[in-house]
> 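Take this structure, written in structure tokens, and hold onto it; I'll ask about it next.
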Number of protein chains: 2
Amino acid sequence: MDKAEQLDRISEQLQAAGYKLTAQRSATVAVILDHAQAHLSAEQIFMATKEVVPEIGLATVYRTLEMLTELHVLNKVRFIEDGMTHYDLCETDHDHHFHHHLLCLQCGAIEEIHTDLLPAVEQQVHDDYTFAVLYHRLTFHGI
Amino acid sequence: MDKAEQLDRISEQLQAAGYKLTAQRSATVAVILDHAQAHLSAEQIFMATKEVVPEIGLATVYRTLEMLTELHVLNKVRFIEDGMTHYDLCETDHDHHFHHHLLCLQCGAIEEIHTDLLPAVEQQVHDDYTFAVLYHRLTFHGI
DNA sequence: TTAGGTGCAAATCTTTTGCAGAAAG
DNA sequence: CTTTCTGCAAAAGATTTGCACCTAA
């Protein structure tokens, strides 16, 4: 699935949910798709979107990001290392289970793993702690 | 190891690192030990410490918390659910590998698991991604 | 005695909100 | 047309910092 296709799909999702399709929203989504693996912060998304729609305001970006999060298009992520929220694209399907982070303590780079490493572990948690795991969040710190 | 003993140990660590042992710092550490499993926020630690040392200021608590984090007495944790940093005690030994969270999406309760579930997974990450895992951060969300 | 610590208030930083004008459906 | 969006500026909430006064060692 290429970017244009994804953009269309997300646009449809927006409209299906009763939201209007504005230039600001399309541009914001396009920026996010352009940096799919980059875990941008709101500020970074704002800056990049401004290149395309110069009159956009930061508040609009925050509102769009919030909206996309509610629609499960985006995931919010917070690393202790910096004070802000980062956003990353939910891979359409079972993202909740197939997505972890590698964070380099030396260069700050963030990479993703899309292999599910934890099914056995989740089963164990379920059995030992009477806890229904809906999703998990896993970050490895290292070099 | 009981609380008094832990407090002594941490006090020694502070002094060994060249910090002075003040009433505010002892009281703050005591509060943290009293709520060892509670993942308190700075504000909560401040409130509780104020009961013992009423003249303490929030800024001092933040400074102490920062200091304890640098000394690896505490760990900072951020959940997407609320905007603030929570602090939890590093279990003296190999906390980095033996500590995960269960977060209940219904009642908001946070529990800890002290079993290391991931050694096999870390090995795999190391092999597949040329990545030296120093520590990881894992939260399960569910009911 | 003196370097480091403290409380307070002001500053900062990220995110949210109120509102009057603009635009999508 | 009408409901939803938008940009701006102001507000809010968490954390940090500057400074003059304390205090542990």
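Please read these numbers as outputs of a predicted model, since none were measured by experiment. So you know, we letter chains A, B, ... as the sequences are listed, proteins then strands, and number each from 1.
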> Sugar-phosphate atoms are those with a prime plus P, OP1 and OP2; base atoms are the rest. Using that split, label each nucleotide of nucleotides 18-25 of chain D B, S or - for protein heavy atoms under 4.0 Å, 5' to 3'.
B-----BS
> Of B:G18 and B:K50, whose nearest nucleotide on DNA chain C comes first from the 5' end?
B:G18
> Heavy atoms from C-beta onward define the side chain here; which of D:dT15, D:dG7, D:dT16 lies closest to that of B:E66?
D:dT16
> Quick check for you: name the first and last nucleotides of DNA chain C, 5' to 3', having an atom under 4.0 Å from a heavy atom of chain B.
C:dA3 to C:dC8
> Send over the distance from A:D82 CG to D:dT16 P, rounded to a whole Å.
13 Å
> Linking I/L/V/M/F/W/Y whenever their side-chain heavy atoms sit closer than 4.5 Å, directly or via other members, would A:M67 and B:I80 fall into one cluster?
no
> Quick one: on DNA chain D, does A:M67 or B:K76 contact a more 5' nucleotide (nearest heavy atom)?
A:M67
> So, the side chain of B:R25 versus the backbone of B:T64: is there a donor-acceptor pair under 3.5 Å, distance only?
no
> Is there a donor in the side chain of A:E66 and an acceptor in the side chain of A:T69, or the other way round, less than 3.5 Å apart?
no
> DNA chain D: A:I56 or B:M84, which has the more 5' nearest nucleotide?
A:I56
> Under the side chain to side chain contact (heavy atoms under 4.5 Å, CB included) test against B:T28, which residue among B:T22, B:L33, B:T49, B:T60 passes?
B:T49
> To the nearest 0.5 angstrom, please state how far the CZ atom of A:R78 sits from the CE atom of A:M84.
11.0 Å
> Taking A:Q15 for its side chain and A:E12 for its backbone only, find out whether a donor-acceptor pair lies under 3.5 Å.
no
> Does a side-chain heavy-atom distance below 4.5 Å link B:I32 with B:I45?
yes
> What contact category does A:T85 fall into here, base, sugar-phosphate, or nothing, at under 4.0 angstrom with non-hydrogen atoms?
sugar-phosphate
> To the nearest Å, how far apart are A:L14 CG and D:dT6 P?
10 Å
> For A:H86 and A:H39, indicate whether the former's side chain and the latter's backbone hold a donor-acceptor pair under 3.5 Å.
yes
> How long is the line joining CZ of A:F46 and C1' of D:dC8, in whole Å?
11 Å
> Roughly how far, to the nearest 0.5 Å, is CG of A:L14 from CG of A:L71?
6.0 Å
> Counting the atoms with a prime plus P, OP1 and OP2 as sugar-phosphate, which does A:E43 contact under 4.0 Å by heavy atoms, base, sugar-phosphate, or nothing?
nothing
